[in-house]
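Structure first, then comments.
Residue numbers count from 1 along this sequence. Heavy-atom basis, side chains included; hydrogens, waters and symmetry copies ignored.
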Amino acid sequence: MLRLQEWIYKFEVGEGTRVVRVALALLALASLAALYDLREYRDFATAEAMDAAQLARNIAEGEGYTTLCLRPLSLGLVERRQLELKQRANDFALVKSGHPDLANPPVYPFLLAGLMKVLPFDFQITERNIVEGSALFRYQPEMLICLFNQALFFAAIFLTFRLSARLFDPSVAWISALIMAGSDLFWRFSVSGLSTMLVVVIFLGLVWCLVFLEQATHQTGRSGAWFVVMAGLSGGLVGLGALTLYSFGWMILPVLAFFASHFERRRIVLGLVAWFAFAAVLAPWLVRNYDWSGTLFGTAGYAVVEDTPLFPADRIERSLKPDLRDLTIDDYVRKLVVNVGGMFQNELPKLGGNWITAFFLIGLLVPFISKTLGRLRVFVLLALVVLTMVQALGRTHLSGDSPEIDSENLLVMLVPVVFIYGAGMYSLLLDQLKMPFPQLRHLVTGAFVVLTCAPLVFRLLPPREYPLAYPPYYPPWIQQFGRWMGEEELVMSDMPWAMAWYGRRQSVWTTLYVQDRNGRDDFFTINDGHKPIRGLYLTTLSMDARFYSQMLRGQDWAWGKFVMDSLVTTNGLPPGFPLKYSPTGGYLSAGHFFLTDWPRWKGHSAQTR
């Protein structure tokens with residue numbers, strides 16, 4: 001009986017109260033995750049998520065770091081490199097034997113590949129879904145990937161809680177964690193299939209290292225070797241982040257500035273150690289990229305060129321041999337100024353997706369007694385400036401295709417620390433208020449947390465999110481089109497990432513032109529010079545265009561005009577175009593246009609036209 005009373009006492013007023021609070025918090029978080037996934041889960045809606053997933057599947061199945069999603073720019077880079085090394089042979093640009101991926105850094109795809117090795121991924125969509133056209137409410141591989149990213153999200157919440165408790169106090173830690181858990185922005189990223197949640201966890205790990213290092217300068221008992229190890233770990237984490245998202249590598253600049261500003265006699269040693277650790281982690285992958293393409297970052301290095309006046313939208317990636325000689329410094333300056341201006345108007349004021357950012361901004365004017373808080377705040381501000389510049393210069397069509405929820409949203413990695421400082425500023429202001437009774441403080445704080453989480457609350461209210469990212473993505477049809485093609489055959493599509501992921505067929509992005517007089521950047525350049533194209537798959541990405549300004553006059557919408565000509569005129573196909581057969585069955589009315597070299601669907605439900 002005495003033993004039972006001791007247990008009751010522990011859970012009521014003793015150390016067991018902490019266990020109860022943590023257990024209730026975990027239960028509430030799991031319940032929120034279940035509710036969100038049931039109501040707001042959506043299949044992949046971004047090219048980046050599908051591209052990384054299909055790459056991970058290739059790795060898991062022993063195909064190496066090769067991709068089924070082919071970019072003309074990537075083909076051109078490998079072709080040029082082969083010519084430089086005099087290794088042309090018969091497998092030009094390695095389209096026939098397996099094309100190396102030059103768009104994605106390796107950490108996230110390799111993690112997904114390991115997940116695919118461990119968990120029972122089922123990539124097939126049932127025949128019932130395909131034939132009857134019934135709605136596909138969950139694609140099992142994407143659901144598993146989303147659960148993995150939500151686990152990373154929960155890890156980020158835990159790291160935010162612990163970091164906030166170390167910098168401030170437990171009450172601020174709980175506020176920060178609750179706001180993080182109630183962030184609509186992070187929940188949307190958690191089901192997007194992007195590597196963002198992994199990047200956030202790596203950034204929080206980096207902040208932890210810097211906090212440990214800074215606090216150790218005020219303590220005794222830490223050896224010089226310990227400082228060197230922690231500096232190396234900091235640089236290594238930046239390198240790991242760069243291998244997850246190339247733009248993360250620019251974080252080495254704030255890290256070096258942090259060491260240079262706050263470590264006096266150790267600044268040179270720690271800075272050099274961090275730099276060499278960063279370079280040691282990143283260099284082998286850059287050598288691999290250079291060996292394949294003659295560039296350090298593959299196609300990703302051309303992001304700074306994209307969205308300039310000469311290469312608007314996705315034009316650079318759809319070019320086999322882009323001519324960059326006419327680009328000037330003014331083009332880059334214009335891109336920087338325009339995009340930074342847009343970020344100051346839209347993204348920076350609502351950093352984190354709610355208005356706790358206002359408390360963070362107000363807190364910039366408040367001096368902290370703790371040196372750690374002040375120095376870390378300077379680091380965050382410097383990181384904010386660097387990432388703003390990098391995001392502005394690296395902006396591509398991906399940001400326009402999926403605003404806010406894309407891998408080019410670099411500022412999101414700073415959001416957990418912004419939440420911490422915002423919660424700390426709120427707590428400081430609350431301490432200045434005289435409450436008539438202590439319980440009112442908890443009520444005010446509860447209302448504050450609910451208000452900051454209002455975007456998520458309203459998202460969970462009706463109507464329910466439609467689970468398919470349609471248009472243009474309808475997985476059953478994409479997989480059906482893939483089954484009509486042979487495993488070694490090449491398809492051209494305006495969404496090759498979807499054909500590669502759902503259809504499991506090698507797919508090249510539509511070239512800039514259908515047929516070019518100079519034989520450059522068109523269908524026949526790839527068909528005749530690299531590998532025969534056996535299928536053409538176009539969607540609303542090409543066909544949803546303005547009739548005159550884009551289809552008739554705009555060169556970047558050549559394939560939309562191609563579809564229109566092939567439907568309106570009897571001889572709409574270009575002379576010698578090898579693909580002449582199209583299935584019926586409602587595909588075109590739903591925005592899907594499919595052409596092949598022969599009626600491959602014979603024996604299926606579809607008919608030839």
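- Between the side chain of Asp184 and the backbone N or O of Leu456, no donor-acceptor pair lies under 3.5 Å.
- Side chains of Gln391 and Ser247: no donor on one and acceptor on the other come within 3.5 Å.
- Between the Arg57 side chain and the Trp501 main chain, a donor and an acceptor come within less than 3.5 Å of each other.
- Annotation for Tyr332: atom OH counts as buried by contact number, over 12 foreign heavy atoms lying within 6.0 Å.
- With Asp51 contributing its side chain and Ala47 its backbone, the two residues share no donor-acceptor pair below 3.5 Å.
- At least one side-chain heavy atom of Ser183 sits less than 4.5 Å from a side-chain heavy atom of Phe419.
- Residues Ser171 and Asp169 bring a donor and an acceptor atom of their side chains to less than 3.5 Å of each other.
- A parallel orientation is assigned to the rings of Phe203 and Phe379, their planes being inclined by less than 30° (bins at 30° and 60°).
- Here the side chains of Leu361 and Leu351 are not in contact, with every heavy-atom distance at 4.5 Å or above.
- Between Thr357 and Gly352 the shortest heavy-atom distance is OG1-N, 4.4 Å.
- With hydrogens and angles ignored, the 3.5 Å screen pairs a side-chain donor or acceptor of Gln54 with a backbone N or O of Leu68.
- Other residues, nucleotides and ligands contribute at most 12 non-hydrogen atoms within 6.0 Å of the CZ atom of Phe158.
- Counted by atom type alone, Thr396 and Glu408 present one or more donor-acceptor pairs between their side chains at under 3.5 Å.
- For the pair Arg188 and Tyr36, the minimum side-chain heavy-atom distance is below 4.5 Å.
- In terms of heavy atoms, Phe44 sits closest to Met50 at O-CE, 3.4 Å.
- Using modelled atom types, no side-chain atom of Ser74 and backbone atom of Leu70 make a donor-acceptor pair closer than 3.5 Å.
- The shortest distance between side-chain heavy atoms of Val191 and Asp37 falls below 4.5 Å.
- Atoms CG and CD, from Leu460 and Glu40 in turn, are 5.5 Å apart once rounded to the nearest 0.5 Å.
- Residue pairs meeting the salt bridge (charged side-chain N to carboxylate O under 4.0 Å, His left out) criterion with at least one member in residues 353-373, sequence neighbours excluded, do not occur.
- Put simply, the residue from Tyr473, Tyr139, Tyr474 that forms a ring-ring contact (aromatic ring centres under 6.0 Å, His included) with Tyr502 is Tyr139.
- Glu214 and His262 share no side-chain donor-acceptor pair at under 3.5 Å.
- A donor-acceptor distance shorter than 3.5 angstrom exists from the side chain of Trp187 to the backbone of Ala181, with no hydrogens or angles considered.
- A salt bridge is absent between Asp494 and Arg318; no separation between the charged side-chain nitrogens and carboxylate oxygens falls under 4.0 Å.
- Looking only at distances, no side-chain donor or acceptor of Trp174 sits under 3.5 Å from a matching main-chain atom of Ala165.
- A pairwise comparison of heavy atoms in Cys453 and Ile179 identifies SG-CA, 4.2 Å as the closest pair.
- Residues Leu204 and Val201 are not in side-chain contact: their nearest non-hydrogen atoms beyond the backbone lie 4.5 Å or more apart.
- The number of heavy atoms from other shown groups lying within 6.0 Å of CE (Met343) is above 12.
- A donor-acceptor pair is defined here as one N or O able to donate and one able to accept, closer than 3.5 Å; such a pair exists between the side chain of Tyr421 and the backbone of Leu373.
- Here Trp285 pairs with Tyr246 under the side chain to side chain donor-acceptor pair (under 3.5 Å) rule; sequence neighbours left out.
- Listed by chain and number, the residues in a ring pair (Phe, Tyr, Trp, His ring centres under 6.0 Å) with Phe278 are Trp275 (sequence neighbours excluded).
- Within the 3.5 Å criterion, the main-chain N or O of Leu428 finds no donor-acceptor partner in the side chain of Asp431.
- The shortest side-chain heavy-atom distance between Leu237 and Cys209 falls under the 4.5 Å cut-off.
- With rounding to the nearest 0.5 angstrom, the CD atom of Glu317 is 12.0 Å from the CZ atom of Phe311.
- For an aromatic pair to be called close, the ring centres must be under 6.0 Å apart, and Phe359 with Phe448 satisfies this.
- A donor-acceptor pair is defined here as one N or O able to donate and one able to accept, closer than 3.5 Å; no such pair exists between the side chain of Ser164 and the backbone of Thr160.
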